[in-house]
Number of protein chains: 2
Amino acid sequence: MTSRGQILAAARRLIDRDGWEQLSIRKLAAEIGVGATTLYHHVQDKEDLLFLLIHEAGEQVPHPDLPDEPGERIVVAAMTIHDALAAWPWAAEVLTTDGFIARLGDSALGLVEVIVAAAIQRGCTPDQAVHVFRGIWYYTVGEILVRSHSARRRESNQPVYRDALFGSLDPAKLPHLASLGERWAALAARDTYSDGLRALVNGLLAQGGCAAPQVP
Amino acid sequence: MTSRGQILAAARRLIDRDGWEQLSIRKLAAEIGVGATTLYHHVQDKEDLLFLLIHEAGEQVPHPDLPDEPGERIVVAAMTIHDALAAWPWAAEVLTTDGFIARLGDSALGLVEVIVAAAIQRGCTPDQAVHVFRGIWYYTVGEILVRSHSARRRESNQPVYRDALFGSLDPAKLPHLASLGERWAALAARDTYSDGLRALVNGLLAQGGCAAPQVP
DNA sequence: ACCTGAACACCGTTCAAGT
DNA sequence: ACCTGAACACCGTTCAAGT
């Protein structure tokens, strides 16, 4: 009676409604109207359930229009990955596990392929191209996690730390931070993912033999 | 009888022994030899407990010898932060919360100050300097989390995915990934944090007016 | 096959009651 | 003040028993 598809659909529904931290096997079973233990006949684990959800989500990541210039192509592919993860921040948390990316479907991996291929086109060796991808991956995952954890905190409970934020620093020891003061919070709230990404990609491609004429 | 210091010491002991995911209020109380509810007289929350632990850890981060060249100074400061977080990966998880950095002590913030000051010395505006720090922060946190989650998985249960790793990809759709094949795992295991960091810092400093003569 | 409730071994936190 | 056990409202997972 109960099917895997039904379970995944209900899980997506609950995550959208209550956030992914709130998802539990017991609540999920209740949502479907079934005993908690029933789910274990259709899914190995809670972890397995998350894998299946991420796999499904990965299949739905759109393939963007890719520009010709390789560096720009890397930026667009990375931003597509970023935007997909921003919509499912819980996926970012699970995907921090190494070798996990490989379990995504061909569709999501297509964007990884785009980045690696473009780096090679720009003169990287395959090894260097993997290094380029990893750098982008770290930066992207970090941004997503900081963003989503901060958002969660903001909405739920404490704007308490807001005023603790660089308000009362010792200007003798930390002159620049003290003079930035409250402005830090405003600056940190700005979305600078793409600016930082461009800087990173330029830096990575310029590094160690991947250098090529910077197309304007 | 029970003191805050005693609690923090016991917590550090348990984290070192069993990993931070295993730390619970109840186990912590048992380790001290006290009722679980007793802890709530010395600490607000489990979250509060983690804050205190991080604050304490931050005080112990060493101040490195800093090179003169600003770009290199940024790299050294970032690597110091990175190495400290690598020793306490659970701190990285908690610190992903925005505005949380600000609750560290002056000692740990000193490294943030170093980065911001060096960026300004290289010609950044204060706003751009914060942007530089944020980019470094995202990259660093991402690397730490990917590294620690992967390590946890490796040691505990599954080397299962190892062979699922890019072993059976469609070479027609994903030619570069397919030809990398099993090599991906070996490349991903390499520590390339500092290489990527240098690329990022160079890219960030070259960006938007922070440009200055690249000191050799 | 598919589903179930009871049970196990846990959580964080509150609260009235004790010294 | 400092500590406590009982209780509340949860977890993921196993397992023998049912249809």
Side-chain angles (χ1 to χ4, degrees), chain A residues 1-55 90-91 93-94 96-97 100 149 152-153 155-158 160, chain B residues 1-55 90-91 93-94 96-97 100 149 152-153 155-158 160:
Chain A
M1 236 41 181
T2 315
S3 77
R4 221 180 169 90
Q6 197 185 357
I7 293 172
L8 294 178
R12 252 182 290 118
R13 211 156 55 232
L14 284 184
I15 287 173
D16 286 346
R17 203 215 299 149
D18 303 324
W20 91 278
E21 308 85 353
Q22 286 294 318
L23 184 69
S24 77
I25 294 281
R26 292 169 116 108
K27 282 184 197 156
L28 179 52
E31 168 81 8
I32 303 171
V34 92
T37 57
T38 301
L39 298 191
Y40 287 86
H41 291 268
H42 300 91
V43 143
Q44 269 189 22
D45 241 22
K46 191 181 182 183
E47 222 186 19
D48 184 42
L49 175 69
L50 292 174
F51 291 2
L52 293 172
L53 279 168
I54 285 175
H55 197 275
W90 52 274
E93 224 135 328
V94 179
T96 47
T97 304
F100 218 81
H149 287 188
R152 196 196 312 162
R153 175 160 293 270
E155 87 193 19
S156 63
N157 26 3
Q158 299 104 325
V160 183
Chain B
M1 234 44 180
T2 315
S3 78
R4 221 183 170 87
Q6 198 184 357
I7 293 172
L8 294 180
R12 252 182 290 117
R13 212 156 54 234
L14 285 183
I15 287 174
D16 286 346
R17 203 214 300 149
D18 304 325
W20 90 277
E21 309 84 351
Q22 285 293 319
L23 184 69
S24 76
I25 294 281
R26 291 170 116 109
K27 283 184 196 156
L28 180 53
E31 168 80 9
I32 302 171
V34 91
T37 58
T38 302
L39 298 191
Y40 287 87
H41 291 269
H42 300 92
V43 141
Q44 270 188 20
D45 242 20
K46 191 181 182 182
E47 220 185 20
D48 184 42
L49 175 70
L50 292 173
F51 291 3
L52 294 171
L53 279 168
I54 285 176
H55 196 275
W90 52 274
E93 225 135 327
V94 179
T96 47
T97 304
F100 217 78
H149 286 187
R152 196 196 313 163
R153 174 160 295 268
E155 88 192 17
S156 62
N157 28 3
Q158 298 105 326
V160 185

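Excluded from the calculations below are hydrogen atoms, water molecules and symmetry mates; all remaining heavy atoms, backbone and side chain alike, are included. Here is how names work: the chains are called A, B, and so on, in the same order as the sequence lines, proteins then strands, and each is numbered from 1.
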Using atom CG of A:D48 as one end and atom P of D:dG12 as the other, report the distance to the nearest whole Å.
14 Å
Separation between CZ (B:R26) and OG1 (B:T37), nearest 0.5 Å, reads 9.5 Å
A:Y40 OH to D:dC11 P, in whole Å, measures 12 Å
Value in whole Å for how far the C1' atom of C:dC3 lies from CG of A:L39
11 Å
When the nearest nucleotide of DNA chain C is assigned to A:V34 and to B:I25 on a heavy-atom basis, which residue is associated with the more 5' position?
A:V34
Phosphate-side-chain proximity, A:H42 and C:dC3, N/O vs OP1/OP2 below 4.0 Å
yes
Would you sort out whether B:E93 and A:E93 count as a side-chain contact (heavy atoms from CB on, under 4.5 Å), showing the intermediate values?
CA-CA 10 Å; B:E93 225 135 327; A:E93 224 135 328; 5.6 Å; no
Taking only N and O in the side chain of A:T37, is any of them less than 4.0 Å away from OP1 or OP2 of D:dT14?
no
Go through the N and O atoms of the side chain of A:H41 and the base of C:dC2, and report whether any donor-acceptor pair is under 3.5 Å.
no
Given DNA chain C, 5'-ward residue of the pair A:R26 and A:G33, judged by closest heavy atom:
A:G33
Atom CG of B:L28 and atom P of C:dT13 are separated, to the nearest Å, by 12 Å
With a 3.5 angstrom cut-off on both distances, give the Watson-Crick or G-U wobble partner of D:dA16, or none if there isn't one.
C:dT4
I'd like the P distance from C:dC10 over to D:dA9, given in whole Å.
23 Å
Between P of C:dT13 and CG of B:L49, the distance in whole Å:
10 Å
For A:K46 and D:dC11, what is the distance between atoms NZ and P respectively, to the nearest whole Å?
9 Å
Are A:R17 and A:E31 within salt-bridge range, i.e. N to O under 4.0 Å?
yes
So B:Y40 and B:I25, do their side chains get closer than 4.5 Å, heavy atoms only?
yes
Rounded to whole Å, the CD-C1' distance (A:Q6 to C:dC3) equals 13 Å
If we only count heavy atoms from C-beta on, is the A:F51 to A:D45 side-chain gap below 4.5 Å?
no
Who pairs with D:dA9 - Watson-Crick or G-U, where each distance is under 3.5 Å:
none
Respond yes when some side-chain nitrogen or oxygen of A:K27 is under 4.0 Å from OP1 or OP2 of D:dC11, and no when none is.
yes
For the pair made of CH2 in A:W20 and P in D:dC11, what is the distance, rounded to whole Å?
14 Å
Starting at the 5' end of DNA chain D and moving along, which residue's nearest nucleotide shows up first, A:Q22 or A:Q44?
A:Q22
